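Below you'll find the structure, written out as structure tokens, and then a few comments.
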Amino acid sequence: MNDKFLKPYNPQETEKRIYEFWEKSGFFNPDNLPQRHKDPFTIIMPPPNANGSLHSGHALFVALEDLMVRYKRMRGYKTLWLPGADHAGFETQVVYEKKLEKEGRSRFKMDPKELYDEIMEFTLSNKSFMEGQVRSLGASCDWSRERFTLEPEIKKIVYGTFKKLSDDKLLYRGKRIVNWCSKHQTSLSELETESIEQEDKFYYFQYGPFQIGTTRPETKFGDKYVVVHPDDERYKQYKDGQKFDLEWVNGPITATLIKDDVIDMEFGTGAMTITPWHDPVDFEIAQRHNLEYEQIIDFHGKMLPIAGQEFEGKNIKDARELIIKKLDEKGLLVKTDENFKHSIKICYKCNRPIEPQIKAQWFIKMQPLAQKAMEAVKNKKINFVTERHEKIFFHWLENIRDWNISRQIIWGIPIPAKICKKCNEGIVDLDNIISKCPKCNNEVEKDPDTFDTWFSSGQWPFATLNYPDGDDFKNFYPTDVMETGHDILFFWVARMIMLGIYRTNEIPFKNIYLHGMVRDAKGKKMSKSKGNVINPLDMSEKFGTDALRMSLIVGNTPGTDMNLSEDKIRAYKKFANKLWNISRFILENIDDSKEIDLQSDELNKLRKTDSELQKLQKLTLDITDDMENYRFYMASEKIYHYVWHEFADKIIEESKLKINNQKDENINEIKLILLEILQNVLKLLHPFMPFITEEIWTELPIKNKKYLIIEEWTNV
RNA sequence: GGGCGAUUAGCUCAGUUGGUAGAGCAGUUCGUUUACACCGAAAAGGUCGGGGGUUCAAAUCCCUCAUCGCCCACCA
């Protein structure tokens, strides 16, 4: 027996060595697997954002995906787990801007190329740091196939999709209302905004013969349309399109009455003026009735000249106070409701209110793509492991809105298009050859915007496999499982399905496993400011990666948030040590100078007759069924329970008596049974606790032994 | 406003198709001459949120109420 068993299990000493041992073996790469590995099993790793350290959520996905991959590899599949790193456009830019702020710098004062190069350097250094962290978590992924979202090959595929969308008339450039963040100076998709409820004052103003209500007086300068419901009895004497002369903020104006049934007669006075440039509802009314619209607030949140001299250049908050005061002085303020509850949109990064603005952007028509995605799920081509997410998925797709994919940030994939300087026409130009507007023949300039990072991420499964001609695409697509957090079901998963089907005519993955969020011991969200963050790398250092991984898997049902505490991780460190000592006991008691043949007649006979081995076979069957059905939380608990409370507490305890009583004729048989149980247990545990099981495996005196990572899962 | 989920031992959570309630941690009593004190043995602890229904049988299926959480949403 190796002397190392005389000490407690030492994960720090073991893990790095074992990982190198695996990497050298080459078995992370499906091409190097032995002959018996034929059918493919593929998982594309959700590429972590290369802008910081890994958190518990990353540890969870590594634990889950690695266990699936290791299990399938042992089952004889040709397993590919393809790792990657995400440049994470807006996310990274926000992180980097914070860094710049700390240094007293601003991106708006930097040369774009210089800024880009700086962020690239930052990202690449984070990327290699992050790769080391993924390794230390024991990920058996194929590093030779690692991809990065900004590689030229990936860009080329993304550009191809952009072009195809344009050719198929699913892409358009439109002057539409967008979610504008005044801090970040970019538009955002619907998903990148959040709604919060807040209380504001609600003002009623006299507007000609009407009283109109608003929470945003500062937008009202240019309002020249008043809208009521067509069925509203109170306003039936006025005709649609009728004009009124009235006194307003900066003097007399002419207003026009519009009738539209979006108006809620019950709300306020049933009459409102509209500001199409700064409100999505108003914008749609204006579109329907072909009305004019003007910009009142600039992209930095300041009033434009249209507001009049005394308001120009003022920020929103100041302008609001001033305009109320002025209208009040003019006798046009009717009343003010305090504490009006309503919800507003905020930027999901800085929590500042979104200022809707009209801006020319690239949009994708989502409805046709959504239709096919829903069909694929309905026809069971794509299966949600967590069924309730299927409902959420449908609900979102049924109500999908067009997707703005233009971002006014430098960190991302440039949009390959030209914009006409005169007529603002957008022209897709992959080869950068167009110099004149095909519509008006005027000069064009390069679109300065970049893609929403999710537009390229949405193509990740087929892009990483080298669509359309790569061997990997032919061999490994569609992939088997998409495993990621439920928080990015819409951001990422739904888009991968839509874009995957659209581009390849084939689903990108067959099964979707969504994990929940990892919270602290009390169920609170982990955050740096609360100081309750559990850093997975620290935990792995302190208790061992196997212990960390077990703590993330046992009792963690798919799709549900889980709470993680150091106590739980510590418990599995003890378990690792228990397994270590079980192995020590067995190695001490068997003659390990000669190798044991697992296919011997004696052992084969025992497998059929010994009641303990029969029980273990039943358990193996049961666990295998759990593994096939994604019940890892059950499989892991069952094997834990068996090892500790059956194998150690009962079987080994009982064997001591027999071993100590040297006269027992069956002593060799008992030792054989113990070894048989141990080697099976190591196999069952390997997907969950890869390091310690491989480490013990190397010490077992077994004939024709291979690496545990490619040993055959026990077939019963 | 719509949708989804949760409510089980002091705490944090499991419980796969309905068949006499489980784990970790905390806590009680006892136990160390060699696998392991990162341990063992024993005991203790829950009318499974309330109410109703289906069933021979319900934590599990159905209805209803309460509380909490999450997601989606263009009432100015």
Side-chain angles (χ1 to χ4, degrees), chain A residues 1 5-9 177 190-191 194-195 202-204 212-216 219-220 223 227 262-275 279-285 340-343 345 356 386-396 398-399 401 486-487 489-490 516-517 519-523 525 543-544 547 550-551 554-557 559-589 622 625-626 629-631 633-638 640-641 644-645 648-649 652-653 655-656 660 674:
Chain A
M1 184 189 76
F5 282 103
L6 297 175
K7 292 183 195 156
Y9 174 61
I177 198 138
E190 299 304 325
L191 287 175
E194 279 170 15
S195 294
F202 190 79
Y203 305 94
Y204 289 89
I212 55 127
T214 184
T215 53
R216 299 206 56 190
T219 62
K220 298 286 141 197
D223 287 9
V227 189
V262 295
I263 295 294
D264 180 356
M265 287 186 274
E266 307 293 315
F267 187 86
T269 59
M272 69 171 191
T273 60
I274 57 167
T275 315
D279 185 286
V281 180
D282 296 2
F283 176 80
E284 280 180 20
I285 295 172
F340 173 69
K341 257 193 200 167
H342 66 148
S343 54
K345 275 190 185 180
T386 49
E387 272 179 53
R388 70 169 181 276
H389 288 113
E390 191 174 308
K391 293 179 193 163
I392 299 172
F393 171 84
F394 277 117
H395 183 257
W396 188 69
E398 278 159 9
N399 300 295
R401 294 157 74 181
H486 69 64
D487 55 328
L489 172 60
F490 305 142
M517 302 297 104
R519 300 170 178 281
D520 78 359
K522 300 278 178 202
K525 201 172 169 182
F543 302 111
M550 273 299 264
S551 73
V554 178
N556 181 10
T557 40
T560 311
D561 291 353
M562 73 166 305
N563 298 352
L564 182 65
S565 65
E566 278 203 33
D567 278 343
K568 190 173 179 189
I569 309 170
R570 188 178 294 113
Y572 293 103
K573 176 184 158 58
K574 291 183 181 178
F575 177 63
N577 198 49
K578 189 77 185 176
L579 182 67
W580 188 249
N581 283 301
I582 287 169
S583 310
R584 171 181 165 180
F585 175 83
I586 292 169
L587 288 169
E588 269 178 345
N589 282 291
D622 197 15
D625 188 55
D626 286 338
N629 291 292
Y630 304 93
R631 294 189 299 261
Y633 57 103
M634 298 231 50
S636 53
E637 191 171 335
K638 281 174 188 164
Y640 170 90
H641 192 268
W644 203 309
H645 302 297
D649 290 350
I652 289 185
E653 286 307 319
S655 76
K656 282 181 186 172
N660 290 338
L674 290 178

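Bear in mind the structure is a predicted one, so any value in this text is a computation, not a measurement. Quick note on labels: first sequence line is chain A, next is B, and so on, each numbered from 1.
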Regarding [X], tell me which of base, sugar-phosphate or nothing describes its non-hydrogen contacts under 4.0 Å with the strands shown.
X: A:Pro8; result: base
X: A:Phe575; result: nothing
X: A:Thr560; result: sugar-phosphate
X: A:Phe490; result: sugar-phosphate
X: A:Arg631; result: base
X: A:His641; result: nothing
X: A:Ala576; result: nothing
X: A:Asp282; result: nothing

Closer than 4.0 Å, any side-chain N/O of [X] to the OP1 or OP2 of [N]?
X: A:Trp644; N: B:G40; answer: yes
X: A:Tyr633; N: B:G15; answer: yes
X: A:Lys638; N: B:U16; answer: no
X: A:Thr557; N: B:A14; answer: yes

On a whole-Å scale, what distance lies between the [atom1] atoms belonging to [N] and [M]?
N: B:G40; M: B:U34; atom1: C1'; value: 14 Å
N: B:C48; M: B:A58; atom1: C1'; value: 11 Å
N: B:U8; M: B:G45; atom1: C1'; value: 13 Å
N: B:A26; M: B:U67; atom1: P; value: 36 Å
N: B:U12; M: B:G3; atom1: C1'; value: 28 Å
N: B:U64; M: B:G24; atom1: P; value: 39 Å
N: B:C63; M: B:U54; atom1: P; value: 15 Å
N: B:U55; M: B:C13; atom1: C1'; value: 30 Å

What I'd like to find out is whether the side chain of [X] reaches to under 4.5 Å of the side chain of [Y], using heavy atoms alone.
X: A:Thr560; Y: A:Tyr633; value: no
X: A:Phe394; Y: A:Glu398; value: yes
X: A:Ser655; Y: A:Phe585; value: yes

> Where does the angle between the aromatic ring planes of A:Trp396 and A:Phe490 fall among parallel (under 30°), tilted (30 to 60°) and perpendicular (over 60°)?
Replying inline: parallel

>> Which label fits A:Trp644 and A:Phe575: parallel for a plane angle under 30°, tilted from 30 to 60°, or perpendicular past 60°?
In response: parallel

> Quick one: the side chain of A:Glu653 and the base of B:A41, do they pair up donor-acceptor inside 3.5 Å?
Replying inline: no

>> Set out, in order, the CA-CA distance, both residues' side-chain angles and the distance that settles salt bridge (charged side-chain N to carboxylate O under 4.0 Å, His left out) for A:Glu566 and A:Lys573, then state yes or no.
In response: CA-CA 10 Å; A:Glu566 278 203 33; A:Lys573 176 184 158 58; over 6 Å; no

Options [options], nucleotide nearest the side-chain atoms of [X]:
X: A:Asp567; options: B:A23, B:C25, B:U16; value: B:C25
X: A:Ile582; options: B:G24, B:A35, B:A41; value: B:A35
X: A:Ile392; options: B:C4, B:A76, B:C36; value: B:C4
X: A:Ala571; options: B:C25, B:C38, B:A35; value: B:C25
X: A:Thr215; options: B:A76, B:C72, B:U12; value: B:A76
X: A:Lys578; options: B:G40, B:A76, B:C72; value: B:G40
X: A:Arg388; options: B:C38, B:C4, B:G15; value: B:C4
X: A:Ile263; options: B:C36, B:A73, B:A76; value: B:A76
X: A:Phe267; options: B:A76, B:C4, B:U16; value: B:A76
X: A:Asn581; options: B:A76, B:A35, B:G22; value: B:A35

To the nearest angstrom, how far is [X] atom [atom1] from [N] atom [atom2]?
X: A:Phe585; N: B:C36; atom1: CZ; atom2: P; result: 10 Å
X: A:Asn563; N: B:C11; atom1: CG; atom2: P; result: 13 Å
X: A:Trp396; N: B:G3; atom1: CH2; atom2: P; result: 20 Å
X: A:Phe393; N: B:C72; atom1: CZ; atom2: C1'; result: 15 Å
X: A:Lys345; N: B:A76; atom1: NZ; atom2: P; result: 12 Å
X: A:Asn399; N: B:C74; atom1: CG; atom2: P; result: 10 Å
X: A:Phe394; N: B:A73; atom1: CZ; atom2: P; result: 18 Å
X: A:Phe543; N: B:C25; atom1: CZ; atom2: C1'; result: 13 Å

Opposite nucleotide pairing with [N], Watson-Crick or G-U, both atom distances under 3.5 Å:
N: B:C13; value: B:G22
N: B:G40; value: B:C30
N: B:A73; value: none
N: B:A6; value: B:U67

>> Quick one: does any side-chain atom of A:Asp279 pair with a main-chain N or O of A:Val281 as donor and acceptor, under 3.5 Å?
In response: yes

>> Quick check against the 3.5 Å criterion: does A:Lys568 have a side-chain atom that pairs as donor or acceptor with the backbone of A:Val554?
In response: yes

> Of A:Tyr9 and A:Gly270, whose closest RNA chain B nucleotide lies nearer the 5' terminus?
Replying inline: A:Tyr9

> Between A:Ser583 and A:Asn556, which is nearer to the 5' end of RNA chain B once each is assigned its nearest nucleotide?
Replying inline: A:Asn556

> Does the pair A:Lys345/A:Glu190 count as a salt bridge with the N-to-O cut at 4.0 Å?
Replying inline: yes

